[in-house]
Participant: 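Sharing a structure below in structure tokens format, with a few things to ask.
Just so you know, these numbers use all the heavy atoms, side chains as well, and skip hydrogens, waters and symmetry mates. Naming convention: chains lettered A, B, ... in sequence-line order (proteins, then strands); numbering from 1 in each chain. Being a predicted model, the structure only gives us computed values, none of them experimental.
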Protein chains: 2
Amino acid sequence: MSQSDTVSRILDAAEVLFAERGFTETSLRTITSTAGVNLAAVNYHFGSKKELIQAVFERFLTPFTETLAAELDRRVAGGESLEVEELLESLYRGGLASLVAEGRDPQRFMRLLGLAYTQYQGHLRRFIVSRYGDSYRRFAGLLSQALPGLDPVTFYWRLYFMLGATIFTLSSFDAIEAILREDFGAPSSLPETLDRLVPAAAALLRAGE
Amino acid sequence: MSQSDTVSRILDAAEVLFAERGFTETSLRTITSTAGVNLAAVNYHFGSKKELIQAVFERFLTPFTETLAAELDRRVAGGESLEVEELLESLYRGGLASLVAEGRDPQRFMRLLGLAYTQYQGHLRRFIVSRYGDSYRRFAGLLSQALPGLDPVTFYWRLYFMLGATIFTLSSFDAIEAILREDFGAPSSLPETLDRLVPAAAALLRAGE
DNA sequence: CATCAATTTAAACGCTTGTTTTGATCTGGC
DNA sequence: GCCAGATCAAAACAAGCGTTTAAATTGATG
């Protein structure tokens, strides 16, 4: 299976380089030489750079949303309605666990998610919304149920505040961690940071109660 | 003063285009033709594209931090120590007011700030930290005083959570607002969104009390 | 073993990028 | 009125980009 070998070598290299530098700043030549494959392989196997970018996202977002769905199923089956903290735990640990399980770096995906939001790549936003919109809406619906009495517009703004705090912080995890380690000498691990993030995000969502 | 006219025409065009598409995705040719000046003018007046990017940031960050400093001075002079909400108001309204006063679009600067964080431009991060680090540290110090009893590492993580929620949300304000308007028919203004953000961010910072 | 499609390779394509160069033009002080 | 220095303009520069082509290589099938 030398084909899928080339394909995954390209995906591995592209994933790392995109997360480090962004899409436009990463050339196909850098990707293919890092992957140790011929330059033309990207266009042969993926068609174009755009489609390579989408393939990189698909490879981590699909297991991410599947694990999140399974996690939510498991908790919903438990019976009573879910608490905000449980939903955040499902999102953070469940989703991330799927990546850790595959031996991949979770911070890298947070960086890619951050890039997907901020970079000027209309096709990427469209791709993600059309492919993973259902997962997002399910999560948002459950979270909304866990916050009764909140008017819908306020709820959605707070949902975006929460996502902003999450994606933004975790996508810069390494940089922030380095600063705090220098200033306080205390290293922070990703799980520890999620321990801090869950109650803070829950308080943000519940503000004023 | 035809020189400073050319300079500011370039800065105006670059500011808008950078905010729309990012730095790498905006060519000097697009900037100069939008500004109606010669291509070589950028290298003549700014030296390089890098220095143009820094000049764009300097032009809005300097009044931003000056207004924030004046706002903090005013409130500190009031006597008793500041509440979290007052500090957030100073940051959001004070800083933004300086831009609105000059007839500039505040969301554009939030987009630029978001880009500065996520894009692969080491020189920009270094430039901003070295030039505006003092303002940041003063604000962080006052905020820390308003949250007594919080251990420093947790405080700093929450500060980043708050900045993430703010920058991330406001930099995508137009996109989020469009979605909410479509789903609920209710348009949100920036001041209204800040009214929602202040208590939510305060709750995030105070979580667990 | 021959065949044929799938894959890999090297080379080149056309285009865009940031930057530099070389003159022309403008502007203010003597 | 003239000259020096600042500014502008047109053109070219080398380098890098994504993509395409066409030939070589591979590996499984009849």
Participant: Using whole Å, what does the distance between atom P of nucleotide C:dA24 and atom OH of B:Tyr44 come to?
Facilitator: 18 Å

Participant: Look at B:Thr6 and D:dC8 and indicate whether a side-chain polar atom (N or O) is within less than 4.0 Å of OP1 or OP2.
Facilitator: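 Yes.
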
Participant: Nearest-Å distance, CG (A:Asp5) to P (C:dA6)?
Facilitator: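 From A:Asp5 CG to C:dA6 P: 19 Å.
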
Participant: Nearest-Å distance, CZ (A:Phe46) to P (C:dT7)?
Facilitator: 12 Å

Participant: Output the rounded distance in Å from CG (B:Asn43) to C1' (C:dT21).
Facilitator: 12 Å

Participant: Not counting sequence neighbours, which residues clear side chain to side chain donor-acceptor pair (under 3.5 Å) with B:Ser33? List them please.
Facilitator: none

Participant: Once side chain to side chain donor-acceptor pair (under 3.5 Å) is applied, do any residues pair with A:Arg206, and if so which ones, sequence neighbours excluded?
Facilitator: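 Side chain to side chain donor-acceptor pair (under 3.5 Å) check on A:Arg206 returns A:Glu85.
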
Participant: Rounded to the nearest angstrom, tell me the gap between atom CD in B:Glu51 and atom P in C:dG18.
Facilitator: 15 Å

Participant: Does a side-chain N or O from A:His45 land closer than 4.0 Å to OP1 or OP2 of C:dA6, or not?
Facilitator: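 For C:dA6, neither OP1 nor OP2 has a side-chain N or O of A:His45 closer than 4.0 Å.
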
Participant: So which of residues 14-41 of chain A are in contact with DNA chain C, with a heavy-atom cut-off of under 4.0 Å?
Facilitator: A:Arg29, A:Asn38, A:Ala40

Participant: My understanding is that only residues two or more places apart in sequence, or in another chain, count here; which of them pass ring pair (Phe, Tyr, Trp, His ring centres under 6.0 Å) with A:Phe155?
Facilitator: none

Participant: Hey, mind stepping through B:Thr166 and B:Tyr92 against side chain to side chain donor-acceptor pair (under 3.5 Å) and telling me if it holds?
Facilitator: CA-CA 9 Å; B:Thr166 303; B:Tyr92 296 157; 2.8 Å; yes

Participant: Expressed as a whole number of angstroms, how long is the span from B:Arg9:CZ to D:dA9:C1'?
Facilitator: 15 Å

Participant: With sequence neighbours excluded, what pairs up with B:Ser27 under the side chain to side chain donor-acceptor pair (under 3.5 Å) test?
Facilitator: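 In terms of side chain to side chain donor-acceptor pair (under 3.5 Å), with neighbours along the sequence ignored, B:Ser27 is linked to B:Thr30.
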
Participant: Going by the salt bridge (Lys or Arg N to Asp or Glu O under 4.0 Å) test, which pairs reach into residues 15-43 of chain B, not counting sequence neighbours?
Facilitator: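 Checked against salt bridge (Lys or Arg N to Asp or Glu O under 4.0 Å) - neighbours excluded - the pairs reaching residues 15-43 of chain B are B:Glu15-B:Arg59, B:Glu15-B:Arg104, B:Glu15-B:Arg108.
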
Participant: Measure the distance from NZ on B:Lys49 to C1' on C:dT19 and round it to the nearest whole Å.
Facilitator: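 Rounded to whole Å, this separation is 12 Å.
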
